[in-house]
Protein chains: 2
Amino acid sequence: MRDTRTELLLQAEILVRGRGYSGFSYADLADAVKIRKASIHYHFPTKTDLALALVAAYDARYDVALDAIRAGITDGVARIDAYGRLYLGGVEDDLGCLCAVLAVERGTLPEPVCTGIAAFFDKHIAWLERVLSEGIADGSVRGGILPSPSARMVVATLEGALLLERVLAGSAGFRSTLSALCDSLRSGPAG
Amino acid sequence: MRDTRTELLLQAEILVRGRGYSGFSYADLADAVKIRKASIHYHFPTKTDLALALVAAYDARYDVALDAIRAGITDGVARIDAYGRLYLGGVEDDLGCLCAVLAVERGTLPEPVCTGIAAFFDKHIAWLERVLSEGIADGSVRGGILPSPSARMVVATLEGALLLERVLAGSAGFRSTLSALCDSLRSGPAG
DNA sequence: ACAAATCTACCTACTAAATGGTAGCCAAGA
DNA sequence: TCTTGGCTACCATTTAGTAGGTAGATTTGT
């Protein structure tokens, strides 16, 4: 079976996103996958290896999603809205964003993992900056905003909103934050 | 001396905000405060007791700050801006928000701690909602926004921005996010 | 006033359980 | 036969927490 590794990545992601990187152990993961603890080391010799694989897989999934949004949607604000809805899975499963969770533990994080999550955020910010610039150019995003700070603000708002949902509960909160965010970017009569 | 306890709270807060709740140990704290590990248990019998005291102290500090902002500033957006600048200490010291860090680890968190951080966020959102409503009433905040979702959005944006700074580095990012946020709330010609 | 009792704030020295990780064995499939 | 993917059995270290002691301050009884 090839997919013990995949299963390990799946369950490890759930554990990290729900409890933090230092909040889960190989023993927890072994329980979840129903394999002996030592066998995990066959697939991921060290916990750092596992973390790196987790970030790489997560990042790759977002790459696909970002491309799909750009290809399937043309309106600037609708693209941002679709980007925001990518976080909804986390809200519904009561899991944080993998990279946000890891970012919080930066003080204990192996350096290469830290580099990986920085790249993740940089990539998202660059994507959003482009989407916002294009939106301003075609009039779908209001002209008063600056693409670079606003791109950062979009990521910050969504990451923060996801974080809040974990303690405040009820995805209504996330959705209303997302629409408040989109409203602030839309060109139109309001404002 | 009464302030071993205070020193413990101070150093524990730095450890939690930098490395997460499960990312620090009584041994780390003992090193930082230069007392023996077992002595910490005299002041805080369990790690949960310590976490609760940490949240209570943090929450109390914010209470003072929120009152001071409402007392000293009348303009709605200026109040939000001042609120945002409360996070700057964290940005400069490279520490996350205590409650955000704990929120990430909710899966392993003792339940009473979780209740405490939920109360923290609820309080901030309620405070912001009131500030926004008053701002709309006196014209300092633009009328198009809804106070409740926008209050949530403000907390989310700032928490997210602080989180991002920890991996992206340089407080310029946080400041620009804060001004983008304030711009989106200001009543005026733009939009 | 003064001695006995109690309290404060720390200590050394432990413990059981959990941590990430290693060594070496074994069954099945190419 | 050799690789794959598990296994048992260990390891040193670290974890939160406990037991019990002690020097010094404070309170109390006479």
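Reminder, nothing fancy here: chain letters follow the sequence lines and each chain counts from 1.
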- Query: Do the side-chain N and O atoms of A:Glu111 and A:Thr115 include a donor-acceptor pair separated by under 3.5 angstrom?
  - Reply: yes
- Query: Should the heavy atoms of other residues, nucleotides or ligands under 6.0 Å from CZ of A:Arg61 be counted, would the total exceed 12?
  - Reply: yes
- Query: Just wondering, more than 12 heavy atoms not from A:Arg70 lying within 6.0 Å of its CZ?
  - Reply: yes
- Query: Base, sugar-phosphate alone, or nothing: which one does B:Tyr26 contact when heavy atoms must sit under 4.0 Å apart?
  - Reply: sugar-phosphate
- At under 4.0 Å between heavy atoms, what does A:Phe44 touch on the DNA or RNA strands: base, sugar-phosphate, or nothing? nothing
Hey, does the side chain of [X] reach the backbone of [Y] with a donor-acceptor pair shorter than 3.5 angstrom?
| X | Y | answer |
| --- | --- | --- |
| B:Ser140 | B:Gly76 | yes |
| A:Glu159 | B:Leu163 | no |
| B:Arg106 | B:Cys114 | no |
| B:Glu105 | B:Ser22 | yes |

- Message: Do the side chains of A:Arg19 and A:Asp28 get close enough for a salt bridge, i.e. N-O under 4.0 angstrom?
- Response: yes
- Message: Can you tell me if B:Thr4 touches the phosphate of C:dC10, counting only side-chain N or O atoms and a distance under 4.0 Å to OP1 or OP2?
- Response: yes
- When you get a sec, tell me which of C:dG21, D:dA16, C:dC10 is the closest nucleotide to the side chain of B:His41? D:dA16
- Nearest-neighbour nucleotide for the A:His43 side chain, C:dT19, D:dA16, D:dG6 considered: D:dG6
Atom pairs under 3.5 Å, N or O on each side, protein against nucleotides 27-30 of chain C: can you list them with distances?
none

Can you tabulate the close N/O pairs, meaning under 3.5 Å, that link protein atoms to atoms of nucleotides 11-14 of chain C?
from, atom 1, to, atom 2, distance (Å)
C:dC11, OP2, B:Arg36, N, 2.7
C:dC11, OP2, B:Ser39, OG, 2.4
C:dT12, OP2, B:Arg36, NE, 3.2

- Find which nucleotide of DNA chain C each of B:Tyr42 and A:Thr48 is nearest to by heavy atoms, and output the residue with the more 5' nucleotide. B:Tyr42
